[in-house]
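Chain A is the first sequence line, chain B the second, and so forth, proteins listed ahead of strands; every chain is numbered from 1.
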Amino acid sequence: MIKSAKKLLGTDMTTTRFAPSPTGYLHIGGLRTALYSYLWARKNSGRFLLRIEDTDLKRNSLEAAKAIEEAFKWVGMTHDDEVIYQSQRFDLYKKYITKLLDEGKAYYCYASKEELDVMREAQQAKKERPRYDRRYRDFRGTPPEDVNPVVRIKAPIDEKIEFEDGIKGSMSFNSDDILDDFIIARSDGVPTYNFVVAIDDSLMGLTDVIRGDDHLSNTPKQIVVYEALGFDIPKFYHVPMILNPNGKKLSKRDGAMDVMEYKNMGYLPEAVLNYLIRLGWSHGDQEIFSFTEMLEHFDPTNINKSASAYNPEKLDWLNAHYIKNASVERIIEELKFFDLHIHGHDRKELIVDSLRERAKTIKEFATMAKTIIDEPTSYDEKAVKKFLNEEAIEILQQYVDFIKNYDDVMHLPSGFEHATKLFMEQNELKMKQLAQPIRIAMVGSAVSPSVYDVLSIIGRDDVIKRIEKLIRIHHV
RNA sequence: GGCCCGUUCGUCUAACGGUUAGGACUCUGGCCUCUCACGCCGGCAAUAGGGGUUCGAAUCCCCUACGGGUCACCA
């Protein structure tokens with residue numbers, strides 16, 4: 001007698017899993033259910049397992065697993081044990097098929113595909129639900145020689161199948177409404193999804209199955225398998241799906257499906273996680289959750305029952321929040337991915353701190369930093385037209401001359417502030433008259449962080465160079 | 001079509017059967033200000049509809065409408 005792993009181990013350690021079919025990348029919705037499973041396992045000091053559902057054998061599941069692990073790594077999630085590939089467990093599944101056959105809980109069905117098609121059409125013509133008519137359930141005759149039979153499970157007839165879903169509540173199905181003697185092994189011997197899922201979930205010792213609610217109506221079928229095999233039935237949580245901003249099903253047209261695309265767009269993993277955990281789940285009014293807070297507060301029981309729409313603005317807001325609060329070192333590290341290397345810059349703190357409240361993504365951050373660090377190659381036309389009249393050029397000229405003869409140290413923003421204020425005082429100028437022309441000279445446009453910060457980042461020598469360059473160009 | 005699930009501001013959500021139905025994002029008015037942001041103060045905006053039950057319903061029950069899922073030798 002084979003028993004479930006849970007029974008063998010004699011443990012009730014919380015065990016959850018993420019069981020994607022191999023698509024080549026980790027889907028953003030998949031990450032959410034994975035996160036829920038992960039948090040629930042870790043919160044209860046349990047195990048979080050990864051299984052690839054590749055009974056179909058069409059795609060490269062090794063690549064797929066690698067892509068998922070890469071995404072897990074990016075967001076800081078880890079799974080326990082080795083990855084399980086269903087494609088490598090066919091022998092195991094076969095043992096259970098034989099077992100059910102031997103016990104009379106499953107049987108060979110010799111109906112051909114054509115035969116079944118005819119039957120189905122007849123049913124549909126009569127507006128009946130298409131279903132297998134169990135013609136071979138109690139077959140005792142001589143089987144036809146030329147067909148490879150499928151194996152079907154003897155499903156209960158006119159019975160209620162009930163379970164308590166951790167999210168949706170009490171579920172009750174009538175077996176006749178939703179299932180027939182469904183196939184557990186195809187004519188080529190390959191077992192089917194609902195059969196192997198139940199076996200694996202059981203053998204892997206799953207206590208809590210957290211998955212998309214598109215599986216809700218598969219659950220009764222799996223329960224039939226659990227019961228035929230004498231396995232313990234885990235607790236199910238069916239989490240509603242994610243919709244696009246228009247409330248429709250999420251599809252590739254809606255933008256980033258692959259979790260790693262979020263990295264490419266400059267999102268911080270903690271922002272993505274924070275966004276996802278709050279999408280369909282809440283803890284009072286709290287919006288910001290650190291990893292430890294997620295662990296502390298998450299409970300699948302208060303996941304919402306209804307689908308939620310994906311809202312990119314809120315993700316941006318969260319990302320901005322995490323950028324504002326990240327350490328300087330962290331941001332410098334993240335910027336490397338966008339080809340900006342400022343760890344050796346002697347004004348790196350200033351660069352980071354002057355931009356962190358302005359960037360919604362790390363990518364934007366890098367772009368903004370580059371406009372300050374790199375000498376402008378062009379000047380924004382509108383800004384030039386608006387702010388660079390003859391008088392402004394004159395002021396800039398005086399400003400350069402002043403700086404050249406200004407002897408006090410001024411590499412800090414405060415140094416530039418003292419110098420500039422003195423200059424304004426001497427020439428009876430207002431900051432408004434000076435700031436925009438300086439910005440244009442420094443970054444080529446009328447938008448930048450505080451001019452003192454910008455001047456300090458660029459440094460006295462380059463400040464002079466950039467102003468003189470602008471004046472020169474202006475006179476041409 | 002059968003079965004199942006769902007429905008609170010545009011969006012994410014809160015609310016022991018008793019709240020002026022709260023918060024967040026977006027949008028928006030103002031303040032701050034060297035620009036842009038950030039920040040701060042304020043504003044717009046919701047219980048799908050109809051019946052019950054109850055002293056009292058967003059909350060419980062029924063019906064309707066509208067969304068969605070699922071009904072394979074896919075997973």
Item to complete: Using the P atom on both, measure U47(B) against C25(B) and round to a whole Å.
Response: 22 Å
Practice prompt. Answer yes or no: does a side-chain N or O of S308(A) lie under 4.0 Å from OP1 or OP2 of U13(B)?
Written response: yes
Discussion item. Whether R278(A) engages the ring of F289(A) as a cation-pi pair (distance to the six-membered ring centre under 6.0 angstrom, angle to the ring normal within 45°) should be assessed.
Written reply: no
Worksheet entry | Whole-Å distance separating the NZ atom of K248(A) from the P atom of G67(B) | 7 Å
Worksheet, complete the sentence: Ranking U70(B), A37(B), A75(B) by distance to the side chain of D214(A), first place goes to U70(B)
Fill in: Below 4.0 Å: OP1/OP2 of G39(B) and any side-chain N or O of K324(A)
yes
Worksheet item: In whole angstroms, how far is the P atom of G69(B) from the CG atom of L250(A)?
Response: 12 Å
Worksheet item: Does Y107(A) have its ring centroid less than 6.0 Å away from the ring centroid of F139(A)?
Response: no
Discussion item. From CZ of R152(A) over to P of A72(B), roughly how many Å is that when rounded to an integer?
Written reply: 10 Å
Worksheet item: Between the base of A75(B) and the side chain of N218(A), is there a donor-acceptor distance below 3.5 Å?
Response: yes
Discussion item. Rounded to whole Å, how long is the line connecting atom CD1 of I277(A) with atom P of U13(B)?
Written reply: 12 Å
Discussion item. I need the L35(A) CG to L39(A) CG distance, nearest 0.5 Å.
Written reply: 4.0 Å
Worksheet entry | Separation of the C1' atoms in A45(B) and U13(B), to the nearest angstrom | 15 Å
Discussion item. Using whole Å, what does the distance between atom C1' of nucleotide U13(B) and atom NE2 of H297(A) come to?
Written reply: 16 Å
Worksheet item: Taking atom C1' of C38(B) as reference, at what distance in whole Å does atom CD of E364(A) sit?
Response: 14 Å
Worksheet, complete the sentence: Once base and sugar-phosphate atoms are separated, protein heavy atoms under 4.0 Å mark nucleotides 19-36 of chain B, 5' to 3', with B, S and - as ---BBBSS-------BBB
Worksheet item: P atom, U26(B) versus C41(B): distance in rounded Å?
Response: 16 Å
Worksheet item: Do K160(A)'s NZ or CZ and the ring of F173(A) fall within the cation-pi criteria of under 6.0 Å and 45°?
Response: no
Using nucleotides 1-8 of chain B, report all nitrogen or oxygen pairs with the protein that are shorter than 3.5 Å.
residue: C5(B); atom: O2'; partner: K168(A); partner atom: NZ; Å: 2.9

Practice prompt. Could you check how far OH of Y136(A) sits from P of C73(B), rounded to whole Å?
Written response: 15 Å
Practice prompt. Using a heavy-atom cut-off of under 4.0 Å over every strand shown, decide if G212(A) touches base, sugar-phosphate, or nothing.
Written response: nothing
